[in-house]
Structure formats: C-alpha cells, structure tokens
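Working notes, beginning with the structure itself.
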Amino acid sequence: MKRAALWRRIIRGIAPPVALALVAAACATASTRTSVVDHSEHAAPAATPTTASNTGGTTMTMLQMEEAKVKAFPAKTQGTGGAPLRGRLVNGVKVFDITATAVRWEVSPGQFADAYAYNGQIPGPELRVKRGDRVQIVFHNALPEASSIHFHGVTLPNAMDGVPFITQPPVMPGESFTYAWRVVDNPGTYMYHSHENAVEQVSKGLLGAFVIEPASKSWDIEQTLVLGDGALGFTINGKGFPATSPLVAKRGKRVLIRFMNAGQLLHPMHLHGFHFTVVARDGRPVESPYDLDTLVVAPGERFDVLFSANLLGVWAFHCHILSHVEGPQGMFGMVTALVVK
Ligand SMILES: [Cu+2]
C-alpha cells in the first residue's frame, strides 16, 4: 500500500485531469501486481501510508522524506538541457553556434554543482541534422581552460575529429574552432562531447546528443535520455530524481527512446511494465531487432528502442544498479517515469 499511495501522489503532480484512471492502473501494479481489473479500492482517496503507524520514529521520518521526494516529481529546477537545435542556414550550410561556459547547475532541487555547459544547457543542445547536410559547428570556448569537441560515432574528415594534439590544436580560452563536414552517416543517434580533460569536462556537463534525422518516422513521440555519472552525480539529461522529466505518452502511441551514455559506468536501464525493441545500436540498425526490459548502456554506446505505450499508468523507469537510484532517504539519481494516459 505504501508504494500505491506514493504513486497516487506522483500522479496528482503530473496529470491531474486523468488522475483517477492512472491511479487505478498504477496502484494495481505497485501494490499487488496481480490484478489490473479491480481498481475500486485503489482509486479511493489517498491515505497515509499504513506502514508509518506500525514503525518507529526513525523509519517514519525516512519514509516521510521518501514520500516528499516522490510527491515533488517532476520537481522544477533551474535550467533544462537538450533543447533541439537545427542550426541556421548560411549559403546552404547548417551552422550551429556552440559556446562552452562555466555555470552553476541545479541538478536536483536545491542541489547546485559547479558545471560546464554548452549554450547554458546540460546536456548541450540536441543537434539535429539530416544525411547529406553540410554542417558547420562553430565552437567558442568561454571556459577557463582549453577544450575541443569530438563528434562521437560520426564519420567525418580526420581534421574534424576534435582530439587536441592529434587532429587539431586545443581550443584555448577565448578562442573558436569551426568543425565542418558533410553528413554521410545513417540516420540515428550519435553524441558530441569535450575531448580535452574529459574526465572532468564531460562529467561536468560538456556532452550532448547529435541526431541524424530519418527521412520518415515510424513513431509518434521520441525522447533522448543522456546518462551521466560524473561530477553532477547520477543523472538523466543533466538532472537527478525528482528533477528528472517523465516521458509522457497517450495510450497506443509508438515511442522511440534514444539512449546514450557519456559517463564512465554501465547503466542497465529498466522500464517497468514493458519490453522495448532494440532497433539500432551506435547509429546502425540491428540485424534482428530484439526485445528487452533492461538494456545495459555502456560508456560511449547509443541504443534506439521502440515500443507501444499500450498500458495505462505511471511506470517507473530507472537504472538498475541500485546504488545509482536509491538510498535510505528514497530515490535519487537515474530515476524517471513513463506516464501513459
Ligand atoms: Cu546506473
């Protein structure tokens, strides 16, 4: 019942107009996992978690903290990352201006970190191009240290590969460097990130998605999930629970998720209630798509997965390395939710 009550509260925060229906589905899952038919009991007004009265003061306090966090989801914080950017057209070339700066970044409510951002965002803006595009990424370094950008998984001329002292000089503070090439890769999911002092710079936020858009889509909704595990803690799209953003879909919609890991650890991403179909890995279609409910995303890897949002409810969606998602005071880090309404 405890989790049922918590999910009831999550629902209130996310989608008041459809709260009852979602509560019913979510509670059936969270509290019994045996029935999705009888919702009457669970659709009743929220009650105090029954465990609270049966336990000592310490435990109750922990539960209250846990409850408060879940109730706050999705919590508002300063700054959002990953806004799509399609560039400006200059003489047939798509030009993207990317400036790296030092920022204070609110990872979760009240928790600020010294961070680095591209265009003030963590992850940086999601650069969206098409195969055949001529692109220019004009990188301005406003950091207090040298940097560069590497386009991870992308086929480009060697001089554009972004590795200081191998393919280019480091871009010093106050300097700029223009990366230019013609996009020849498959439509799919790629990344960009700093390739200088990367343990620090990438983990502080210098990373983003580079998406080559398909000519046509077989999905209704898509969401990029950039996984991070460095100076900002365990994050999805630069935020830790409860400041992560839920993935919201109407029932029956086809959903594409683009996973990418620019961190240093494995993250087995687990979606409750569904199996998703892995359709691409590292920007290439997989020969035989396969179904999983837990997908290990290793550092540097990208996966595209598809599924139909055909079960109502609020479904937890999180890394399954437990220490990346939960502590004595409840959930944190790499936790979000799929909300099907
Ligand atoms: Cu993890």
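Computed from a predicted structure; not experimentally measured. Atoms within each ligand, like the ligands themselves, are counted from 1 in listed order.
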Item checked: Enclosure of Arg251 CZ (heavy-atom neighbours >12, cutoff 6.0 Å) -> no
Item checked: Atom nearest to the Cu ion (ligand 1) - His267, N, O or S atoms considered -> ND1
Check: Does the separation of the ring centres of Phe151 and Tyr190 fall below 6.0 angstrom?
Finding: no
Item checked: Opening angle at the Cu ion (ligand 1) [SG, Cys319; ND1, His324; to 10 degrees] -> 120°
Notebook entry, point to check: What's the verdict on ring-ring contact (aromatic ring centres under 6.0 Å, His included) for His318 and His324, showing C-alpha distance, side-chain angles and the deciding distance?
Noted result: CA-CA 9 Å; His318 59 89; His324 297 179; over 10 Å; no
Note to self: Using 2.8 Å as the threshold, say whether any N, O or S atom from His320 sits that close to the Cu ion (ligand 1).
What the structure shows: no
Item checked: Derivation of the side-chain hydrogen bond (donor to acceptor under 3.5 Å, both in side chains) call for Asp304 and Thr189 -> CA-CA 7 Å; Asp304 296 356; Thr189 306; 2.5 Å; yes
